[in-house]
Number of protein chains: 4
Amino acid sequence: MSDEPLAADEILDGVYRALCAHGYASLTMQDIADECDKSKSLLHYHYDTKEDLLVAFLSRMITDYEEQLEDEVDDSPVDRLALFLAQFVFTPDEEERQSFHLALLEMRSQGPFNERMREQLVRSDEVLRETVADILRDGIDEGVFDAVDPEQTAALLVATLDGGRTRQVTLNENPTDVSYTRAVVEQAMTHIVEPLLASDVELPPLDETLAKLSAVDSDADVDDVDEPPHSSAQES
Amino acid sequence: MSDEPLAADEILDGVYRALCAHGYASLTMQDIADECDKSKSLLHYHYDTKEDLLVAFLSRMITDYEEQLEDEVDDSPVDRLALFLAQFVFTPDEEERQSFHLALLEMRSQGPFNERMREQLVRSDEVLRETVADILRDGIDEGVFDAVDPEQTAALLVATLDGGRTRQVTLNENPTDVSYTRAVVEQAMTHIVEPLLASDVELPPLDETLAKLSAVDSDADVDDVDEPPHSSAQES
Amino acid sequence: MSDEPLAADEILDGVYRALCAHGYASLTMQDIADECDKSKSLLHYHYDTKEDLLVAFLSRMITDYEEQLEDEVDDSPVDRLALFLAQFVFTPDEEERQSFHLALLEMRSQGPFNERMREQLVRSDEVLRETVADILRDGIDEGVFDAVDPEQTAALLVATLDGGRTRQVTLNENPTDVSYTRAVVEQAMTHIVEPLLASDVELPPLDETLAKLSAVDSDADVDDVDEPPHSSAQES
Amino acid sequence: MSDEPLAADEILDGVYRALCAHGYASLTMQDIADECDKSKSLLHYHYDTKEDLLVAFLSRMITDYEEQLEDEVDDSPVDRLALFLAQFVFTPDEEERQSFHLALLEMRSQGPFNERMREQLVRSDEVLRETVADILRDGIDEGVFDAVDPEQTAALLVATLDGGRTRQVTLNENPTDVSYTRAVVEQAMTHIVEPLLASDVELPPLDETLAKLSAVDSDADVDDVDEPPHSSAQES
DNA sequence: AATGAATGAGTTTTCATTCAT
DNA sequence: CATGAATGAAAACTCATTCAT
């Protein structure tokens, strides 16, 4: 019955918005407090230190992503792979997601200096690569992919997509320009994925998958005007 | 003939070492001053603001890299490509290298917040992609590569290598472990580069190119004990 | 009839334990709440402010001490004086005692800044000096002490004992070491008390009185495992 | 020739004044900064932490006291002892010194919680007791004192005087009232010191020594209106 | 060219207190 | 009675920058 969102969660939502607005490097507790309309002291009431808060944020993000993945297990390997590729492409209206991935990139670069953060980042990396490896394994079993090494190929794909996205978010001054990532994803489809497919299998075109993606999003997002549905998370 | 290095340059060297030691996020003017044995005030004498100093550092780094590239124009396209792949991710002094790329990654994530930094980063990206595109164009002209789109393929390769390196430096707690990058580079050779080669052409194995690389470095490094020769730079 | 201790009293017990554990300077309401397993809010329900709570604590402590004194009026002046000397500085549970006196010393030093606290401290000082003066008066009347000025001599004795204890608790890193105090008490007996005695009167040796003290305590302490019986209080 | 006082010293002077004005428990870096007309940041420039600053303050205080002692070595043991006793008595115009001793008492009660502070306090205690013990030893050698145990007797005297002062500063609401300490000192002279003297030796009356003390002070204090001459320090 | 001293604006964190339930 | 949640004011400390020399 309790409609009111829990403060601890609202704070994490504030972290998301504050990261988008200010980036990680210049993120202050005050920024977060402002974004969730709470007092700084309350942040410390729920999370002892700033680090605790950020670790909790990363952790929720990854868990949300894992939960989202479970919804997709019924699709065919080819569709799941297409979906995975498409998720890396920002659509022009996703300005916010670009800011977010930028902030995430900043946090990632803190990993080596912070044990607890690195733990989360490594976990995130494993989720990501394992997702692709699972898809590949399923596809190989079903005979729709050639018998490549699933782990190695997954590493290649994740590196490529992540590299494309990284360059997109770091280099672009116009946050609605998505050409860099899109080009990389399309090249990855042509040079890496398509040569893997069995002769009678076809990868759906990127635009088609993107269209499907935004349809799903509109469904889900009915009342999430400003807020990520604990889900825009996908990472590292 | 004046042997004594210019203070302005010694300061930039200090930036390099301070970035390796502390990362970008927690880099203070004092850190840099300590690394180059100068006073904070002197840094401000030569560079008005911290931002000026970091922009100058990025700029010198890219210029150094460009100069280094000019030494390689005489090699064959295949060798140059092999060299590029190898160089991107390995150097004889791995540990320092990784911390440096980590710091660079942090700076890259500041690009969107800082016009002048982004300028340098974009320039660096162009140098990088243009280098690969040039190699590809030369190779296509000479008939050793298939007639792919040089720009697009260059973007794919750069994204892949950069993505691999990024994941390596952000996820690894052991800074001398390069297995992640190596796997990605090898996969990139197999899945992306080799399918491009004319039927009678062979890409030299990674190890061979690496061996060549360290031979060259030993030659050059005679008196570079502690200091980057204004050159370890290469980026973004 | 009602066995359950009153919350207001349990809170004061918490103050005692929290003072021993943390000292006065860094004593927080949370510390006290933790020690009595109540919420901070409850402390404020029973005592409006932190100051109120501490004043109440001091007040109860002194009252408890006064009550304890009444038990001793039947003894001879010499015995009562010996007891006073011994009691002032030693108790069976030394370690707890020292931390408590330390905390008390901190509170005492707040007196000049806090009217209400000073009131209690002054009252405590009067109780203490009056106790000794009474003993001296009784002894002079009975002819066992020389005819000194009871008030002045009481002031001297109290200052000496308090000074010894203060130096003990502030200087010693080992809280069970009482050698400093013992030395001072013995010197006080030799130099101050003994010259006061009529020629046929003898002060019982310190060890003997101490033995008596611990015997009494063991009797009383049957069910006081963890808690001060509202009584360890005695002070300055 | 440099007339201007060193900032580091001015800051320590500020600590003295701030301690007098605010006490130790509520002493903030801002209070100290205000008292010495410097910025908080400058305090941190010269002393890394608040603790460092306070330790430095204690340390200078003790050193100053030791230096002052050296001026007195030529006096006779009886005079030196009289002087020592008198120094514990505040004269009515020494309101400031009372506040200071109060603050010092607060710091002393922090000893057990702070290793570095305790070090200074122990050193101070040793200086104080050794001073008296030295006087006693000299006097015994010269035959003006009875052959008491110098260390033990010194401990008794220091405890008594310190206890008197402690009670004075903690209990008195009127900071110009010095009756408590004065009474204790006089009692100590009568009951403890005088019985020690050889039959032909006399202790100069307290008032006389006090008069001598203030004469010396007026000499020295010519231009120290508001400032302790790095010397009001004397302590345990 | 070079430095030590100094500062203001800002950061995280602490804590007594209040409020709704 | 009792509590968890929430807050505002203030604390120590940091850091880029400036200034006098």
Side-chain angles (χ1 to χ4, degrees), chain A residues 2 4 6-8 10-11 25-33 36-54, chain B residues 4 6-8 10-11 22 25-33 36-54, chain C residues 4 6-8 10-11 22 25-33 36-54, chain D residues 2 4 6-8 10-11 25-33 36-54:
Chain A
S2 78
E4 343 122 26
L6 294 170
E10 291 184 273
I11 291 170
S26 67
L27 184 72
T28 73
M29 291 298 267
Q30 189 61 63
D31 292 336
I32 299 171
C36 61
D37 260 303
K38 310 248 177 283
S39 67
K40 262 184 302 176
S41 334
L42 189 66
L43 308 197
H44 284 286
Y45 178 76
H46 287 282
Y47 303 92
D48 274 358
T49 65
K50 188 183 179 185
E51 188 188 315
D52 282 352
L53 176 51
L54 292 172
Chain B
E4 344 129 23
L6 294 170
E10 289 185 275
I11 291 170
H22 305 277
S26 69
L27 184 72
T28 71
M29 291 297 270
Q30 188 61 63
D31 291 335
I32 299 171
C36 62
D37 264 302
K38 308 245 177 289
S39 68
K40 264 188 304 176
S41 325
L42 190 64
L43 308 198
H44 282 286
Y45 178 81
H46 287 281
Y47 303 92
D48 272 0
T49 67
K50 189 184 180 185
E51 187 188 315
D52 284 351
L53 174 52
L54 292 173
Chain C
E4 343 130 22
L6 294 171
E10 290 185 276
I11 290 170
H22 306 277
S26 70
L27 185 72
T28 71
M29 291 297 270
Q30 188 62 62
D31 291 335
I32 299 172
C36 62
D37 262 305
K38 309 245 177 287
S39 68
K40 264 186 305 175
S41 325
L42 190 64
L43 308 198
H44 282 287
Y45 178 82
H46 288 281
Y47 304 92
D48 271 1
T49 66
K50 189 184 180 185
E51 187 189 315
D52 284 350
L53 175 51
L54 292 173
Chain D
S2 79
E4 344 124 25
L6 293 171
E10 290 185 274
I11 291 170
S26 68
L27 184 72
T28 72
M29 292 297 269
Q30 188 62 62
D31 291 336
I32 299 171
C36 62
D37 260 304
K38 309 248 177 284
S39 67
K40 261 185 304 176
S41 334
L42 189 65
L43 309 197
H44 284 287
Y45 178 77
H46 287 283
Y47 303 93
D48 272 358
T49 66
K50 188 183 177 185
E51 188 187 315
D52 283 352
L53 175 52
L54 292 172

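Throughout, a chain's letter reflects where its sequence line sits, starting with A, and its residues are numbered from 1.
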Q: Could you pull out all residues at least two apart from K50(B) that satisfy salt bridge (charged side-chain N to carboxylate O under 4.0 Å, His left out)?
A: none
Q: Would you grab the first and last nucleotide of DNA chain E (5' to 3') that comes under 4.0 Å of any non-hydrogen atom in chain C?
A: dC15(E) to dC19(E)
Q. Considering residues at least two apart in sequence or located in another chain, which fulfil the side chain to side chain contact (heavy atoms under 4.5 Å, CB included) criterion with Y45(D)?
A. L42(D)
Q) Sequence neighbours excluded, which residues qualify as side chain to side chain donor-acceptor pair (under 3.5 Å) partners of D48(D)? A) none
Q: With sequence neighbours left out, write down each residue that passes side chain to side chain donor-acceptor pair (under 3.5 Å) with T28(C), or none if nothing qualifies.
A: D31(C)
Q. With Q30(B), which residues qualify under side chain to side chain donor-acceptor pair (under 3.5 Å), at least two apart?
A. D34(B)
Q | Runs of at least three consecutive pairs that involve DNA chain E, where pairs are Watson-Crick or G-U with distances under 3.5 Å | A | E:2-21 with F:2-21
Q) Which of residues 37-47 of chain D sit near DNA chain F, with a heavy atom under 4.0 Å from it? A) K40(D), S41(D), H44(D)
Q: Starting from C1' on dA12(F), measure out to CG on D48(D) and report it in whole angstrom.
A: 13 Å
Q | Listed partners of S26(B) passing side chain to side chain donor-acceptor pair (under 3.5 Å), at least two apart | A | none
**Q.** Side chain Y47(B), main chain I11(B), donor-acceptor under 3.5 Å
**A.** no
Q) Relative to the 5' end of DNA chain F, which residue comes earlier, E51(B) or T49(D), by the nucleotide with the nearest heavy atom? A) T49(D)
**Q.** Residues which pass side chain to side chain contact (heavy atoms under 4.5 Å, CB included) with S41(B), listed by chain and number, not counting sequence neighbours
**A.** S39(B)
Q | Test salt bridge (charged side-chain N to carboxylate O under 4.0 Å, His left out) applied to K38(B) - qualifying residues, sequence neighbours left out | A | E10(B)
Q: Specify the separation, in whole Å, of atom CG of L27(D) and atom C1' of dA10(F).
A: 14 Å
Q | Verdict with supporting geometry, K40(A) and I32(A), side chain to side chain contact (heavy atoms under 4.5 Å, CB included) | A | CA-CA 8 Å; K40(A) 262 184 302 176; I32(A) 299 171; over 6 Å; no
Q.
Closest-nucleotide mapping onto DNA chain F: is Q30(D) or M29(B) further toward the 5' terminus? I mean the 5' end.
A. Q30(D)
